[in-house]
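What follows is a set of notes on a single structure, which appears directly below.
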Number of protein chains: 2
Amino acid sequence: MKTDKLARLQAAGWKVGSAEDFLQLNGEEARLVALKLSLISAVKESRIKRKLSQIDLAQRMKSSQSRIAKIEAGDPSVSLDLIVRALIASGATTRDIQTTFTANERMVG
Amino acid sequence: MKTDKLARLQAAGWKVGSAEDFLQLNGEEARLVALKLSLISAVKESRIKRKLSQIDLAQRMKSSQSRIAKIEAGDPSVSLDLIVRALIASGATTRDIQTTFTANERMVG
DNA sequence: TGAGTATATGTCGATACTGACATATACTCA
DNA sequence: TGAGTATATGTCAGTATCGACATATACTCA
């Protein structure tokens, strides 16, 4: 791609891809996935700790038992939003959430 | 609603709502919103700190300038997933993210 | 054994979210 | 003034994600 055209595209607000960008993104994607996995573990841990069934937790966050199962199974159809909602609804404390985040970040650097 | 019907619904995995649940959810919803706002601030801070334009950041995460603007404006069409992606892509360090989380949790209790 | 309870898996229609794209506003600086 | 650059706002079609729902599997315990 010509440099001037690239500059014009960038000026207009477009994303411009490259192999390097792709590799970089993979590293960041891995970091996000690692974070999700940490939060998922925290959800199950928090739920069990408070002796809540999946149905109990589902009621608390107005979701369904099958969604909770999918959250804990790491199903790809589950968003970070939903995971964090579940973590909050499960009664995880400030410190629980913080610790999860910290532990995850420590792992992935 | 009859109790036995409620029990059957619960056994089948359904959510069952109530005014109390609703109020509880609002508190948890507020907590999630507060978290999002903290992370949004962190994105802008991290981006500025590293002297990246919105276009630069958009390229890094294969998104568009307009999306970054919407993230930073707190547009309701932006998910937690996207905010965290932006935060990671902006080059926020382990400590930055951790600090954001800690500060947020301290605020919301 | 079989009834009760908890969890897992699969499907579906509705909605939320996405990047792409156009365009507007705002702020340099020559 | 006006060209260049950064940010903001609005729309849209495609895709991701949602809760709802059915059903399967697994584990107690009487």
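Labels below follow one simple rule: chain letters A, B, ... track the order of the sequence lines, proteins then strands, and each chain is numbered from 1. Worth saying up front: this structure is predicted, and the values here are computed from it rather than measured. Hydrogens, waters and symmetry mates are skipped; everything else that's a heavy atom, side chains included, is used.
- Across all strands, A:I68 comes closer than 4.0 Å to no nucleic acid atom at all (heavy-atom distances).
- Counting to the nearest Å, the C1' atom of D:dT23 and the CD atom of A:Q65 are 11 Å from each other.
- Within the structure, every side-chain polar atom (N or O) of A:R67 is placed at least 4.0 Å from both OP1 and OP2 of C:dT9.
- Each end of the helix from C:dT1-D:dA30 to C:dA30-D:dT1 gets its own rotation axis from five pairs of C1' atoms, and the angle between them is 30° to the nearest 10 degrees.
- Listed here is the closest heavy atom pair of B:G91 and B:R60: N-NH1, 4.4 Å.
- Between the base of D:dG10 and the side chain of B:K70 there is a donor-acceptor pair shorter than 3.5 Å.
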* Hey, mind stepping through A:I40 and A:V78 against side chain to side chain contact (heavy atoms under 4.5 Å, CB included) and telling me if it holds? -> CA-CA 10 Å; A:I40 285 169; A:V78 175; over 6 Å; no
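- Shown here for B:M61 and B:I68, the closest heavy-atom pair between the two residues is SD-CD1, 3.8 Å.
- The distance between atom CD1 of A:I83 and atom C1' of D:dT17, rounded to the nearest whole Å, is 12 Å.
- Proximity of B:Q54 to the phosphate of D:dA8: a side-chain N or O atom is located under 4.0 Å from OP1 or OP2.
- To the nearest 0.5 Å, atoms CD1 (A:I71) and CG (A:L57) are separated by 7.0 Å.
- Map B:D56 and B:R85 each onto its nearest nucleotide of DNA chain D; the residue landing nearer the 5' end is B:D56.
- Distance, B:Q59 CD to D:dT7 C1': 15 Å, rounded to whole Å.
- Each of C:dT9, D:dG19, D:dA8 was ranked by its minimum atom distance to the side chain of A:S64; first place goes to D:dG19.
- B:M61 has its CE atom 15 Å from the P atom of C:dC17, to the nearest Å.
- Proximity of residues 74-81 of chain B to DNA chain D (heavy atom under 4.0 angstrom from any strand atom) is not detected for any residue.
- Separating the CD atom in A:E28 from the NZ atom in B:K62 is a distance of 10.5 Å, to the nearest 0.5 Å.
- Shown here for B:D56 and B:K51, the closest heavy-atom pair between the two residues is OD2-O, 4.3 Å.
- Across the protein-nucleic acid pair, B:I71 atom CD1 and D:dA6 atom P stand 18 Å apart, rounded to whole Å.
- Residue B:K51 contributes atom NZ, which lies 17 Å from atom C1' of D:dT5 at whole-angstrom precision.
- Nearest heavy-atom pair across B:S77 and B:R67 is OG-NH1, 3.2 Å.
- If you take NZ on A:K44 and CG on A:L39, they are separated by 15.5 Å, rounding to the nearest 0.5 Å.
- For A:S63 against D:dC18, a side-chain-to-base donor-acceptor contact under 3.5 Å is absent.
- The shortest non-hydrogen separation linking A:R50 to A:S90 is CD-O, 3.0 Å.
- Listed nucleotides: D:dT9, C:dA8, C:dT9. Nearest to the side chain of A:S66: C:dT9.
- We find that NZ of A:K36 is positioned 10 Å from C1' of D:dA16, with the value rounded to whole Å.
- Looking at B:E72 and B:R47, a side-chain N of the basic residue comes within less than 4.0 Å of a carboxylate O on the acidic one, giving a salt bridge.
- On a pure distance criterion of 3.5 Å, no polar donor-acceptor pair joins the side chain of A:E72 and the base of C:dA8.
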